[in-house]
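As structure tokens, the structure follows; a few thoughts come after it.
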Amino acid sequence: MTVDPLDMFKSRSKELVKEALARLEIDVQLPLEIPPEGKGGYAFPCFMLAKEMKKSPADIAKQLSQEIPEDATFSRIEAQGPYINFYINPEMLVQQTIESIMDKREEYGNWPQTGVKINLEHTSANPNGPLHVGRARNPILGDTIARILRKCGHDVTTEFYVDDMGKQQVTLTWGVENLTQEGEIPEKTDHAMVWYYQEATRLMESDSDVLEQINQMVAKYEEKDEEILARVKDNCQKVLNGMNASLRRLDIHFESFAWESKYIFNGNVDRVVEELKAHEFTDYEDSALYLDLEKVGITGQENKFYLTRSDGSSLYSTRDIAYHLDKLANYDLAIDILGEDHKLKAKVVKIGIGLLGKDEEKIEPLFYSFVSLPDGKMSTRKGRVVYLDDLIEESVGRAQKEVQERRPELASELKRGIAEAVGTGAIRYNIIRVQAEKQIIFKWEEALSFEGNSAPFIQYSHARASSILRKTAVLGNYDLKLLKHRTEIQLVKALARFPSLIKESGESMECHPIAGYAFELASLFNQFYRDCPVLQADEDIMNARLALVTVSRYTLSNVLDTLGLVAPEEM
RNA sequence: GGACAUGUGGCCUAGCUAGGAUAUGGCGACAGCCUCCUAAGCUGUAUAUCAAGGGUUCGAAUCCCUUCAUGUCCGCCA
């Protein structure tokens, strides 16, 4: 059975149009469109034939439709104005779709393995403090895209690039080794460590002795001092552990961690510099190597993009080039989830890879805009920040209150589970439902909405479906021809779209269409729930509807999983 | 100053890649629906010069140009 239940309808309608055109000896392809509600499943506009045939599009549509024979796949094929509309045979659609989902179950929506190996780098936040909401878009976006690509059949490895080379990391380590934190120390390691970083940064700015000490450490570190490396990595790891704990709560995990220092210590960065300095697009200024942006066609910037300092030590982007070289050696595609502030750097990395003779098209950066607060950008230093952990706590806390109000009779363990699922789900969904390049201004009321277009809305539909199925014995024989209510057909149409949606979203690497679909599907299920009683219906109808509820539940569960949301049995 | 992105009812948002039939939904507002499978639900009403102007086209939210607004970048930081 094919993955996409709509496939036969799409290809058959195209075929029929093609044959009709051939009979009229017209050598043009008509595009397939999805018409508005009530105009059938597929439509072919005839405008582009008007010039050639010297007739109005409406007349052409009429003439063409007369050339199309009746076909079992469609209940009606007719011209309406300038369009030929194909009405999908609802019985066949219901049959195809429900059987396909019954057959695939948890696998419905998954495409066959492609063998394509993808490295998907996301989050990669500097390990000097807890994740804040301004950055939280990165892991959520990255994890969701990873899930989509896996459903598309690709072999995805998610990776966190740990920056353990910057001055910031040395500053943190200096703080840990020279300062004593007073008062109550937070239990979570990222929250405990950030104090040292903030305090050391403050001291460094006011005390030149401190600055001197830190600079000396940085200098030694860049000369590949293994002992300092061990100390810095140790502190990074502690912060990283805290970050990972936060992300785990959102069901975000990494398969791999790539440490930036590795590429310095193993000599790869030196090799990159060696090769690049021979290139005609690079030059020296005071023995600092730079790339001439004008020569590579980047305008709007200062012309020099530095690849090394004048002492020969490497810069961030140079190390990033070495890192990406490594990715391309091991993967077919490298995807990077990056904040919009990284656009120029990402471009330079791609160019660098190209200059080294590798295929830069295999690097795909995806950008997102920052989440800011109503009074501006989030900043850890200025204390103008909402930590991800606080957002999660607040969200789960509010969800806990809601569950308590709505379902006081449930066991408290169950209520806690529901609150966790709803609270964390609301956060993920709110980030993912908007296209990544739109700027978001963080507002508590919006971030923690549990009604309307939100995660709990979708989870609730799943809980309703589960509830119906919980109350019945094993599914009996069913006759799908009995499903002909308007909302039943609409629900089936939505169910049928899932596999093609997964594929399209994987190709465009966008998450928000899936969120929109999840909401639409849940909404249609709720309408079905209102219009079509299941358990009270006559046995024949009940069995047919139970089949529809079963496949709806599978599909709801699969979309929720694609978005990284829990599908609760009850809420 | 230049570069990249974004601009759709009071607020948020889909549609833009491949121009087509009355611009998608949510929040908020107002009016309704629990003797019936969970009301985190459902139904209805009102609200849009698709930032502005010009162009291409039989046809533009969608393509092109100009302008404006917002975000981001333009460090021998990361």
Chi-angle category of B/C4 [syn within 90° of 0, anti beyond]: anti
Tell me whether the OP1 or OP2 atom of B/U43 has a side-chain N or O from A/Gln527 closer than 4.0 Å. yes
Scan A/Arg470 against the nucleic acid and name what it touches under 4.0 Å (heavy atoms): base, sugar-phosphate only, or nothing. nothing
Distance between C1' atoms of B/G71 and B/G32 (Å, rounded): 43 Å
For a quick check of understanding: with a heavy-atom distance under 4.0 Å over all strands, which category does A/Pro36 fall into, base, sugar-phosphate or nothing? base
Between the base of B/A78 and the side chain of A/Lys167, is one N or O donor paired with an acceptor at under 3.5 angstrom? no
Using heavy-atom distances to pick each residue's nearest nucleotide on RNA chain B, tell me which of A/Phe47 and A/Ser314 is more 5'. A/Phe47
Side-chain ion pair, A/Arg398 and A/Glu394, N-O less than 4.0 Å: yes
Is it the case that the side chain of A/Asp163 and the backbone of A/Met165 share a donor-acceptor pair, with hydrogens and angles ignored and the cut-off at 3.5 Å? yes
On RNA chain B, does the nearest nucleotide to A/Asp163 precede the nearest nucleotide to A/Pro82 from the 5' side, or the other way round? Give the residue. A/Pro82
Base of B/A21, side chain of A/Asn85 - is there a donor-acceptor contact under 3.5 Å? yes
What contact category does A/Glu260 fall into here, base, sugar-phosphate, or nothing, at under 4.0 angstrom with non-hydrogen atoms? sugar-phosphate
Could you give the distance from CG (A/Leu203) to CG (A/Leu211), rounded to the nearest 0.5 Å? 11.0 Å
Between the side-chain atoms of A/Asp286 and the base atoms of B/C76, is any donor-acceptor pair under 3.5 Å? yes
By the 4.0 Å heavy-atom rule, please label A/Glu437 as base, sugar-phosphate, or nothing. sugar-phosphate
Select base, sugar-phosphate, or nothing to describe what A/Glu570 touches, counting heavy atoms under 4.0 Å on all strands. base
B/G15 OP1/OP2 closer than 4.0 Å to side-chain N/O of A/His512: yes
My understanding is that a pair needs two contacts under 3.5 Å, Watson-Crick or G-U wobble. By that rule, which nucleotide pairs with B/G44? B/C30
Does A/Tyr284 have its ring centroid less than 6.0 Å away from the ring centroid of A/Tyr290? no
Under 3.5 Å on both distances, the Watson-Crick or G-U partner of B/C16: none
So what does A/Phe519 hit on the nucleic acid, given a heavy-atom distance under 4.0 Å: a base, only sugar-phosphate, or nothing? sugar-phosphate
Does the B/C76 base have a donor-acceptor partner in the side chain of A/Ser310 within less than 3.5 Å? yes
